[in-house]
K.L.:
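Submitted below is the structure of interest, expressed as structure tokens.
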Amino acid sequence: MNNHIQAEKALSNTFEPVWGDGMIQGDSANLQQWQRYIEQEIGFILPNTQLQWLTNAIDHTATLNGLTTQQLWYQLPKNNEIRQQLLDKVLIHESRFFRHKPSIDFITRYAIDKCADDRSKPFRIWSVGCASGHETWSLAMSLTAAQLSNHVILGTDVSEQAITNARLGQYDQRQYSLIPQNCQQFVYPLITKNAGNELSMADTSSKVERSINTQFDWQVAPALRPYVSFALHNVIEQKSPTSHLQNVIICQNMLLYFRKFDQRDILAWLSEQCAVEGYIILAPGEALFWRPSNMRRIAHPQVNVWQKISA
């Protein structure tokens with residue numbers, strides 16, 4: 001059944017909301033109703049510690065569209081744009097470059113070996129839950145720094161706002177210090193925050209250093225863009241964003257927002273999208289309960305990695 005049909009049916013079966021022009025902070029029953037809606041749409045379980053975050057997202061979306069929260073509730077199954085706005089505000093897009101470098105190093109070494117053995121097919125990586133693209137661009141930097149050119153990297157996320165930001169590939173100066181020295185060649189300053197002056201692309205000798213010292217924004221280099229694409233994708237729907245099997249699927253720090261039975265279903269589906277002998281990489285300590293018959297866990301001191309051993 002279509003998600004929106006499910007949502008409309010669910011909304012019609014719930015009690016009548018009692019909000020006025022804003023959320024009642026202490027109304028836990030209404031907040032639980034909204035929590036159930038978010039879980040139904042994207043599978044995310046919002047913990048009680050994030051109830052204020054949820055309240056703010058609801059109020060902000062309602063205000064943005066000139067609606068009361070009650071009106072917003074009934075617009076959600078009818079208006080996909082408003083629904084997406086709410087999801088964008090609920091989801092946490094925080095990430096950083098080279099967030100777990102051992103995983104990126106593992107993928108890079110595998111890509112080097114794989115491309116040395118077979119240059120006829122591109123090496124394919126899927127970054128699931130890519131947020132604003134930090135992990136996806138980190139992978140592109142690492143593989144390109146290793147002088148690999150036959151790779152394709154896909155980043156997906158359920159947040160349209162995050163995907164828009166990822167495609168721009170523009171970040172603040174705090175992220176620059178996280179990029180290894182050998183990958184800093186793949187960034188350049190974009191604009192100055194102070195004066196708004198555009199920078200010349202010609203003077204590359206001290207450009208990045210000046211961007212850090214003078215609060216410049218920076219952008220990923222155009223040389224990386226042919227290898228990277230982004231797509232809006234809801235993993236709970238289990239519809240593949242690509243027709244290609246992947247050599248590596250990296251899905252880190254996303255599963256923790258799902259119930260355990262949903263985690264199992266997502267992982268089983270991701271294993272179907274992985275090529276035989278390919279890898280699924282999770283965050284350290286994540287989904288250790290998983291015991292698939294077609295995958296084996298690789299002993300690695302730093303990386304939570306599973307290899308597909310059969311179709």
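Please read all numbers here as calculations on a predicted model, not as lab measurements.
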K.L.:
Considering non-hydrogen atoms only, spot the tightest contact between Gly129 and Met254 and give its length.
P.N.:
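Scanning both residues completely, I find the closest heavy atoms to be CA-SD, 3.9 Å.
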K.L.:
Using the rule that Ile, Leu, Val, Met, Phe, Trp and Tyr join whenever any side-chain heavy atoms are under 4.5 Å apart, tell me whether Leu87 and Leu256 fall into a single cluster.
P.N.:
yes
K.L.:
Compare all side-chain heavy atoms of Glu41 with those of Arg83 and state whether any distance is below 4.5 angstrom.
P.N.:
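When only atoms from C-beta onward are counted, Arg83 and Glu41 do touch, with a gap below 4.5 Å.
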K.L.:
What closest approach, in Å, do Ala231 and Arg167 show between heavy atoms, and which atom pair accounts for it?
P.N.:
CA-NH2, 4.0 Å
K.L.:
Apply side-chain hydrogen bond (donor to acceptor under 3.5 Å, both in side chains) to Gln85 and list each qualifying residue two or more places apart in sequence or on a separate chain.
P.N.:
Asn65
K.L.:
Tell me the closest heavy-atom pair linking Arg119 and Asn150, and the distance in Å.
P.N.:
O-ND2, 3.2 Å
K.L.:
After noting the C-alpha distance and the side-chain angles of Val248 and Leu139, does the key distance pass the side-chain contact (heavy atoms from CB on, under 4.5 Å) rule?
P.N.:
CA-CA 11 Å; Val248 174; Leu139 288 163; over 6 Å; no
K.L.:
What heavy-atom pair brings Val187 and Met141 nearest, and what distance separates the two atoms?
P.N.:
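Shortest heavy-atom separation between Val187 and Met141 comes out as CG1-CE, 3.6 Å.
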K.L.:
Let me confirm one number: the NZ-CG distance from Lys101 to Leu178, rounded to the nearest 0.5 Å.
P.N.:
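Answer rounded to 0.5 Å: 12.0 Å.
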K.L.:
More than 12 heavy atoms of other residues, nucleotides or ligands under 6.0 Å from CD of Gln71: is that the case?
P.N.:
yes
K.L.:
Quick one: does any side-chain atom of Gln252 pair with a main-chain N or O of Pro284 as donor and acceptor, under 3.5 Å?
P.N.:
no
K.L.:
With a 4.5 Å heavy-atom cut-off, do Asp172 and Asp217 have their side chains touching?
P.N.:
yes
K.L.:
Suppose we screen for salt bridge (Lys or Arg N to Asp or Glu O under 4.0 Å). Which residues come up paired with Glu39, at least two apart in sequence or across chains?
P.N.:
Arg259
K.L.:
Using 0.5 Å steps for rounding, measure from the CG atom of Asp113 to the CG atom of Asp118.
P.N.:
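The distance works out to 13.0 Å.
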K.L.:
Ile38 and Leu64: same hydrophobic cluster, using ILVMFWY side-chain contacts below 4.5 Å?
P.N.:
no
K.L.:
Ile298 versus Tyr279: any side-chain heavy-atom pair under 4.5 Å?
P.N.:
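Yes, side chains in contact.
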K.L.:
Calculate, to the nearest 0.5 Å, the distance between atoms CD1 and CG belonging to Ile58 and Leu67 respectively.
P.N.:
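The CD1 atom of Ile58 sits 13.0 Å away from the CG atom of Leu67.
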K.L.:
Would the distance check show the side chain of Trp290 and the main-chain N or O of Arg264 forming a donor-acceptor pair, the cut-off being under 3.5 Å?
P.N.:
no
K.L.:
For Asp262 and Gly43, which heavy atoms make the closest approach, and how far apart are they?
P.N.:
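Answer, listing the atom of Asp262 first, then Gly43: OD2-O, 4.5 Å.
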K.L.:
Applying ring pair (Phe, Tyr, Trp, His ring centres under 6.0 Å), name anything that partners Phe98, two or more places apart in sequence or on another chain.
P.N.:
none
K.L.:
So, does Asp88 use its side chain to make a donor-acceptor pair with the main chain of Gln161 at under 3.5 Å?
P.N.:
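It does hold such a pair.
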K.L.:
Just verifying a value: how many Å separate Ile281 CD1 and Cys251 SG, rounded to the nearest 0.5 Å?
P.N.:
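Going from the CD1 atom of Ile281 to the SG atom of Cys251 covers 11.0 Å.
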K.L.:
What residues, two or more places apart in sequence or in another chain, satisfy side-chain contact (heavy atoms from CB on, under 4.5 Å) together with Asp117?
P.N.:
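Listed in chain order: nothing, the list is empty.
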K.L.:
Heavy atoms, side chains only, cut-off 4.5 Å: are Thr144 and Cys183 in contact?
P.N.:
no
K.L.:
Taking side-chain contact (heavy atoms from CB on, under 4.5 Å) as the definition, give me every residue that meets it alongside Ala166, ordered by chain and number, with sequence neighbours left out.
P.N.:
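Partners of Ala166 by the side-chain contact (heavy atoms from CB on, under 4.5 Å) criterion, ordered by chain and then number, come out as Phe230.
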K.L.:
Can you check whether Leu76 reaches Ile82 side chain to side chain, under 4.5 Å on heavy atoms?
P.N.:
yes
K.L.:
Is it possible for you to say whether Ile45 and Trp34 belong to one hydrophobic cluster, with membership spreading through side-chain heavy-atom contacts below 4.5 Å?
P.N.:
no
K.L.:
Given Val158 and Val235, is the side-chain contact (heavy atoms from CB on, under 4.5 Å) satisfied, shown in steps?
P.N.:
CA-CA 8 Å; Val158 72; Val235 72; over 6 Å; no
K.L.:
What pairs with Phe97 under ring pair (Phe, Tyr, Trp, His ring centres under 6.0 Å), at least two apart in sequence or on another chain?
P.N.:
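Checked Phe97 against ring pair (Phe, Tyr, Trp, His ring centres under 6.0 Å); matches are His134, Tyr171, Trp218.
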K.L.:
Determine whether Trp137 and Phe186 make a side-chain contact, defined as any pair of heavy atoms from C-beta on separated by less than 4.5 Å.
P.N.:
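The answer is no; the side chains never approach within 4.5 Å.
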K.L.:
Can I get a per-line list of side-chain donor-acceptor pairs under 3.5 Å for residues 266-275, giving both atom names and the distance, sequence neighbours left out?
P.N.:
residue: Trp269; atom: NE1; partner: Gln238; partner atom: O; Å: 3.3
residue: Ser271; atom: OG; partner: Ala268; partner atom: O; Å: 2.6
residue: Gln273; atom: OE1; partner: Ser240; partner atom: OG; Å: 3.4
residue: Gln273; atom: NE2; partner: Trp269; partner atom: O; Å: 3.3

K.L.:
Can you list everything that forms a salt bridge (Lys or Arg N to Asp or Glu O under 4.0 Å) with Lys260? Sequence neighbours excluded, please.
P.N.:
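Expected list: none.
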K.L.:
State plainly whether one hydrophobic cluster holds both Val276 and Val305, where clusters connect Ile, Leu, Val, Met, Phe, Trp and Tyr through side-chain heavy atoms under 4.5 angstrom apart.
P.N.:
no
K.L.:
Could you state the interatomic distance from CD1 (Ile179) to CZ (Arg96), rounded to the nearest 0.5 Å?
P.N.:
13.5 Å
K.L.:
Taking the side chain from Ser142 and the backbone from Ser138, do they hold a donor-acceptor pair closer than 3.5 Å?
P.N.:
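No: the side chain of Ser142 does not pair with the backbone of Ser138.
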K.L.:
Any chance you could measure Leu168, atom CG, to Gln219, atom CD, to the nearest 0.5 Å?
P.N.:
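Going from the CG atom of Leu168 to the CD atom of Gln219 covers 7.5 Å.
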K.L.:
Could you tell me whether the side chain of Lys308 reaches within less than 4.5 Å of the side chain of Ile280, counting heavy atoms only?
P.N.:
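The answer is no; the side chains never approach within 4.5 Å.
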K.L.:
Do the side chains of Ile125 and Leu143 get nearer than 4.5 Å, heavy atoms only?
P.N.:
yes
K.L.:
Any donor-acceptor pair under 3.5 Å linking the side chain of Trp126 with the backbone of Leu245?
P.N.:
no
K.L.:
With distance as the sole test, does Glu135 use its side chain to make a donor-acceptor pair with the main-chain N or O of Cys130 at under 3.5 Å?
P.N.:
no
K.L.:
What are the two closest heavy atoms between Ala287 and Leu282, and how far apart are they?
P.N.:
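Closest heavy-atom pair between Ala287 and Leu282: CB-CD1, 3.9 Å.
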K.L.:
Just by distance, do the side chain of Arg296 and the backbone of Ser293 share a donor-acceptor pair under 3.5 Å?
P.N.:
no
K.L.:
Apply side-chain contact (heavy atoms from CB on, under 4.5 Å) to Arg124 and list each qualifying residue two or more places apart in sequence or on a separate chain.
P.N.:
Pro122, Val152, His244, Gln246, Asn247
K.L.:
Go through the steps to decide whether Asn56 and Gln52 satisfy the test side-chain hydrogen bond (donor to acceptor under 3.5 Å, both in side chains), and finish with yes or no.
P.N.:
CA-CA 6 Å; Asn56 294 342; Gln52 186 58 54; 2.9 Å; yes
K.L.:
My understanding is that only residues two or more places apart in sequence, or in another chain, count here; which of them pass side-chain hydrogen bond (donor to acceptor under 3.5 Å, both in side chains) with Arg297?
P.N.:
Asn304
K.L.:
Does His60 have more than 12 heavy atoms from other residues, nucleotides or ligands lying within 6.0 Å of its NE2?
P.N.:
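Not buried by this count: 12 neighbours or fewer within 6.0 Å.
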K.L.:
Sequence neighbours left out, what pairs pass ring-ring contact (aromatic ring centres under 6.0 Å, His included) with at least one residue falling in residues 147-167?
P.N.:
His151-Tyr227
K.L.:
With sequence neighbours excluded, tell me which residues meet salt bridge (Lys or Arg N to Asp or Glu O under 4.0 Å) with Asp265.
P.N.:
none
K.L.:
For a side-chain contact (heavy atoms from CB on, under 4.5 Å) check, start with the C-alpha distance between Asn253 and His100, then their side-chain angles and the critical distance, and finish with the verdict.
P.N.:
CA-CA 11 Å; Asn253 301 298; His100 191 245; over 6 Å; no
